[in-house]
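Keep in mind that this is a model prediction, so the values were computed, not measured. Excluded from the calculations below are hydrogen atoms, water molecules and symmetry mates; all remaining heavy atoms, backbone and side chain alike, are included.
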Amino acid sequence: LKVTPSWVLLPLHDTLLKLIPFKLRSTIVTTMSGPFQKAMQEGTALAEGGSLSKAAEVFGRAAGPAEPDDAAIALEAQAQCYLELDKYREAAGAALRATRLRPSWAPAFATLGRTYLNGGALQEAVEILQQALQLARATARESKSEKDEELVEELQQDVAEAKKNLETHLATDHDVLLPMPIGEVWSGNDQLRIRQNVDCGCCNSVGEGPGGSIWAAGAALAQHILLPSDQRRIKALPSTWKGLNVLELGSGTGIAGLAAAAQGANALLTDRQPSLPLMEQNAKLNTSIVERGGGHVSAAVFDWLAPPPKEVQERFWDLIIAADLIYAFAAVDPFAQALDTILGPGGSSPVPVDDDETGQPQKRQKASEQHRQATRVFYAHTSRSDDLDVQMNRRLAEKGLMMQSLGRPSGRPVGAINQVVLDRVELFEISRCKREGGC
């Protein structure tokens, strides 16, 4: 357990759990005696009289010379005072010390969890309250006490409320929604939900760098994929995605690959290892949408500095899609190498075909010839500098690949992405040069 470095009060703060009234449990009071009991009684009287700051000081002094179990009681009471005063950092510090002094005492964890919850650290609140509930259940099973059973019921409600607040926060502050086209399958309420993994103290999220966010090119490409073919500004994309094998490179959130899957494609999202949990999470969030669209989506790790994984090599790809992958010079060579490797010399991804019982190699060669030049590559790009664009074109040309501009797909503002940046996105088709000797 740790104290969150910065407390962020959420806009939904008023909907968080009500703070429990200040009280000391009678089962605890009966174990006290001597100076410690006197100090606790004094602090309780001050707290119940509204003098919470003074009460917190008294409880803090009482904890100093006390035995560990008694000190935990005093610190938990001090944490309650700070909690009432909205001093979440101080409350968390006192409650955290109480949990360390008395690691099997549920009330200390309950107060710590409520502190995190009311302070806006929602992910940690869920985890700590679940731990408190587990301890409370163990205590209640052993004691058969009505008061311990009451604490279990309280904590069950607290955990449910904390989870609800966490999900509300994620949906409000991390998710971007893309409406599905209204038609035979979709109604006006259907939409893709794409979760972003950005730095956030509320849900203990640590951003995954560029791959954790939705960028303009990805949003524009995804929206263009979702449009009915007769409404698209760019006609080069398939009129139907149903049954197509689609590989997304550098997926990040997976926004473009998920759009293709929702339109019926068999999509594989790929990126480096740190992005795998986010790709899998977004695939799970959109399970129903993808299934209704007749598609399928999965995710795999593909580091361009290493050979393609078996998930990439074992399937023929009708389309490869990518968005906003060239934002730095360091990405140019790996991107060009990855495309060159996947497409092969003929401009088509490998076709895995099992040899027949006689082991005839002609069967594999024949299938490969049938699909030669079949793989199409669409790349949505936001220009950041002329020098970077020149370098990208040069490296692709050195690999025998050329870029052809298809125009600007545009799109509507989503999340923090406004129309100005969307209008800068340009869609390219990348293919093998047809001329001998290179591009």
Side-chain angles (χ1 to χ4, degrees), residues 210-211 215-218 220-222 224-225 234-238 244-252 255-257 260 267-272 275 300 302-309 312-313 315-351 368 371-409 424-439:
W215 294 83
L221 179 57
H224 214 63
I225 290 171
I234 298 173
K235 304 299 183 182
L237 291 177
L244 297 180
N245 290 331
V246 176
L247 170 65
E248 184 181 17
L249 298 178
S251 299
I255 185 171
L268 176 65
L269 316 179
T270 65
D271 210 317
R272 293 182 298 176
S275 295
F302 183 10
D303 187 331
W304 300 340
L305 299 178
V312 172
Q313 297 186 50
R315 192 187 308 178
F316 166 75
W317 300 105
D318 297 287
L319 286 97
I320 298 174
I321 59 175
D324 239 349
L325 302 183
I326 307 302
Y327 51 85
F329 285 96
V332 174
D333 285 349
F335 176 62
Q337 180 61 49
L339 280 180
D340 183 48
T341 301
I342 296 169
L343 292 176
S348 176
S349 64
V351 184
S368 298
H371 287 284
R372 191 173 297 281
Q373 299 292 344
T375 300
R376 302 183 71 186
V377 182
F378 294 99
Y379 173 57
H381 179 64
T382 301
S383 178
R384 289 171 171 80
S385 78
D386 291 341
D387 290 343
L388 181 57
D389 292 347
V390 169
Q391 181 81 337
M392 175 176 61
N393 278 278
R394 180 181 298 148
R395 287 291 183 264
L396 287 170
E398 290 172 357
K399 298 292 185 182
L401 299 167
M402 64 177 182
M403 296 181 66
Q404 178 185 357
S405 176
L406 301 175
R408 301 189 181 277
R424 291 177 53 207
V425 176
E426 189 170 2
L427 186 62
F428 293 87
E429 183 166 4
I430 302 175
S431 58
R432 281 290 178 201
C433 301
K434 296 182 180 179
R435 294 181 302 169
E436 293 186 5
C439 302

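- Between the Thr375 side chain and the Asp318 main chain, no donor and acceptor come within less than 3.5 Å of each other.
- Trp317 places no side-chain N or O within 3.5 Å of a backbone atom of Val377 that could act as its donor or acceptor partner.
- Taking the side chain as every heavy atom from C-beta outward, Phe378 and Leu406 approach each other to under 4.5 Å.
- Side-chain contact between Glu248 and Leu319 is absent, with no heavy-atom pair separated by less than 4.5 Å.
- Arg315 places no side-chain N or O within donor-acceptor distance of the main-chain N or O of Leu268, the cut-off being under 3.5 Å.
- Tyr379 contributes atom OH, which lies 11.0 Å from atom CG of Leu221 (distance to the nearest 0.5 angstrom).
- Put simply, the side chain of Glu426 never gets that close to the backbone of Ser405: no donor and acceptor are under 3.5 Å apart.
- Heavy atoms only, all atoms of each residue included: Val246 and Ala260 are closest at CG1-CB, 4.3 Å.
- For the pair Val332/Leu388, a side-chain contact is recorded, criterion being any heavy-atom separation below 4.5 Å from C-beta on.
- Residue pairs meeting the side-chain hydrogen bond (donor to acceptor under 3.5 Å, both in side chains) criterion with at least one member in residues 326-336, sequence neighbours excluded: Asp333-Arg395.
- A donor-acceptor pair is defined here as one N or O able to donate and one able to accept, closer than 3.5 Å; no such pair exists between the side chain of Asp324 and the backbone of Gly218.
- Atoms CD and CG, from Gln337 and Leu396 in turn, are 11.0 Å apart once rounded to the nearest 0.5 Å.
- Scored by the side chain to side chain donor-acceptor pair (under 3.5 Å) test, Asp303 finds no partners at all (sequence neighbours excluded).
- In this structure the side chain of Ile326 reaches within 4.5 angstrom of the side chain of Phe335, judged on heavy atoms.
- A distance-only check finds no donor-acceptor pair linking the side chain of Arg376 to the backbone of Leu237 [under 3.5 Å].
- Here the closest non-hydrogen pair linking Trp304 and Leu249 is CZ2-CB, 4.2 Å.
- Checked by atom type and distance alone, the side chain of His224 pairs as donor or acceptor with a backbone atom of Ile234 at under 3.5 Å.
- Scanning both residues, Ala256 and Ile225, for their nearest heavy atoms gives O-CD1, 3.8 Å.
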Exercise. Check step by step if side chain to side chain contact (heavy atoms under 4.5 Å, CB included) holds for Leu339 and Lys399.
Key: CA-CA 9 Å; Leu339 280 180; Lys399 298 292 185 182; over 6 Å; no
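- Side chain of Arg384 to backbone of Ala328: no donor-acceptor contact under 3.5 angstrom is found.
- Between Val425 and Leu427, every side-chain heavy-atom pair lies at or beyond the 4.5 Å cut-off.
- Residues Ile430 and Met402 have side chains not in contact (no heavy-atom distance under 4.5 Å, counting atoms from C-beta outward).
- Residues Ile342 and Phe302 are in side-chain contact: their nearest non-hydrogen atoms beyond the backbone lie under 4.5 Å apart.
- When all heavy atoms of Ala220 and Pro409 are compared, the closest pair comes out as CB-CG, 4.1 Å.
- For the pair His381 and Met392, the tightest heavy-atom approach, listed with the atom from each and the gap, is NE2-CE, 3.7 Å.
- Listed here is the closest heavy atom pair of Gly250 and Leu325: O-CD2, 3.5 Å.
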